[in-house]
Amino acid sequence: MGNVALITGASRGIGRAVAVRLAQMGYAIAVCYHTTSDKAQELVAELRENGHTATAFCCDVANSAHVEMMAQAVREELGEVSVLVNNAGYAQQKLFTEISSDEWERMIGVHLTGTFNTCHTFLPSMIRRHEGVIVNISSMWGQIGGSCEVHYSAVKAGVIGLTKALAKEVGPSGIRVNCVAPGVIMTDMMKDFDEETLQSLADATPLMRLGAPRDIANAVAFLVSDEAAFITGQVISPNGGMVI
C-alpha cells in the first residue's frame, strides 16, 4: 500500500492527533484545513521537524470543486492517497426549533456532503489500485441521538450509514471503510462548557474521565493498520463506556 494519508480537519483537535499518529506510522501527511491556516502550518512544521513528510492544503470539503482541486494538489505534491480520514466537522448546541435552515444545510454540507465529496474524489484511484483505507469520524450522538444537537446527531448518523453501505460496495476492490464514533472528547468543541458541566460528563462516564484526542487517534491508527485487515463496515466507539 502507498504511504500518503489525508486527514480533513487536521489542524487541531482529533484531526491533529490523527495526523501525528499516522505520521509516526510512516505516512506522508496531507493536512487538510479550511480556516485555521496558522494551526495547519504549525502542525506541518512540527511534523517536518520530527522527520516526517507533511504538507498543508486548504479546502472547504462541502464544496466538491474545492475537493477536486485539493486532490490534484495532493497528488502532485505527495502522490496518490492510500488512507483517507474524514474528520472535518463542528458541533452546535441548539434547540431544534431554533435551528435555522442555513445552519441545517451547513451542518449537512460539512459533515455528510463533505464525506461524500472526499470519498467520491479519492475512491476511483483506490479502486484502480485495489488498495485503500477510509476512516470516517462520526459521534456517539450519531448512534443514540443527542438532545439539543438534532442536526449534528442526524448528520453523524448519516456518516455511519454511508460507511456501512460503502464498505459493502468497495470491499471487493480491496478497500476497507470503517467509522470511529467518539464520545465526549476534550477539544475546542468543548470550550463553551463550564467546569461543572465537564465534571458531570466525566462522572457519567464509567471510566470516570473525558476522552483525549489521542484516544481517537489510536482507534484510527488501529483501523488503518494491517492488524485490522479483516475489519470493514464497522463502528468503533471510544466513549469511556458512556454508550454501551
(message) Evaluate H151 against E103 for side chain to side chain donor-acceptor pair (under 3.5 Å), listing each step before the verdict.
(response) CA-CA 8 Å; H151 49 347; E103 289 170 332; 5.6 Å; no
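Defined by atom type and a distance below 3.5 Å, a donor-acceptor pair is present between the side-chain atoms of E76 and Q72. With 3.5 Å as the limit, one finds a donor-acceptor pair spanning the side chains of S237 and Q143. In the model, R129 has a side-chain atom that pairs as donor or acceptor with a side-chain atom of S125 under 3.5 Å. Using modelled atom types and a 3.5 Å distance limit, the side chains of D102 and S100 yield no donor-acceptor pair. Between the side chains of N117 and S64, not a single donor N or O lies within less than 3.5 Å of an accepting N or O.
For the side-chain contact (heavy atoms from CB on, under 4.5 Å) test with T163, the passing option among V135, N86, N136, V235 is N136; the others fail. Paired with V85 under the rule side-chain contact (heavy atoms from CB on, under 4.5 Å), one option of V180, V133, L22, T118 passes, and it is L22. The residue from T8, V159, L166 that alone fulfils the side-chain contact (heavy atoms from CB on, under 4.5 Å) condition with T115 is V159.
Within the 4.5 Å cutoff, side-chain heavy atoms of I134 are placed close to those of L123. Using a 4.5 Å heavy-atom cutoff, the side chains of D203 and M208 are in contact. Y27 is listed as a side-chain neighbour of I29, based on a closest heavy-atom distance under 4.5 Å. The closest side-chain heavy-atom distance from R176 to V170 is not below 4.5 Å. By the 4.5 Å heavy-atom criterion applied to side chains, M25 and S225 are counted as neighbours. In this structure, P238 and I236 have side chains that are in contact, with non-hydrogen atoms separated by less than 4.5 Å. Within the 4.5 Å cutoff, the side chain of V220 has heavy atoms near those of the V224 side chain. Residues V31 and Q41 fail the side-chain proximity criterion, which asks for heavy atoms closer than 4.5 Å.
Note: the hydrophobic cluster containing V243 also contains L198 (ILVMFWY, side chain heavy atoms under 4.5 Å, direct or indirect links).
With rounding to the nearest 0.5 Å, the separation of OG in S11 from CG in L43 is 8.0 Å. F222 CZ to E227 CD: the interatomic distance, rounded to the nearest 0.5 Å, is 6.5 Å.
A salt bridge links R16 with E46: the distance from a Lys NZ or Arg NE/NH1/NH2 to an Asp or Glu carboxylate oxygen falls below 4.0 Å. With respect to the salt-bridge test (charged N to carboxylate O, under 4.0 angstrom), the residues R106 and D60 qualify.
What you find for A19 and I7 is that their closest heavy atoms are CA-CD1, 3.9 Å. The two residues V83 and V81 come nearest to each other via the heavy atoms O-CG1, 3.2 Å. Of all non-hydrogen atoms in A212 and I185, the two that sit nearest each other are C-CG2, 3.6 Å. N239 and G183 get closest at one heavy-atom pair: CB-CA, 3.6 Å.
More than 12 non-hydrogen atoms from other residues, nucleotides or ligands lie less than 6.0 angstrom from CZ of R75.
Taking the six-membered ring where the residue is Trp, Y90 and H111 present tilted rings, their angle falling between 30° and 60°.
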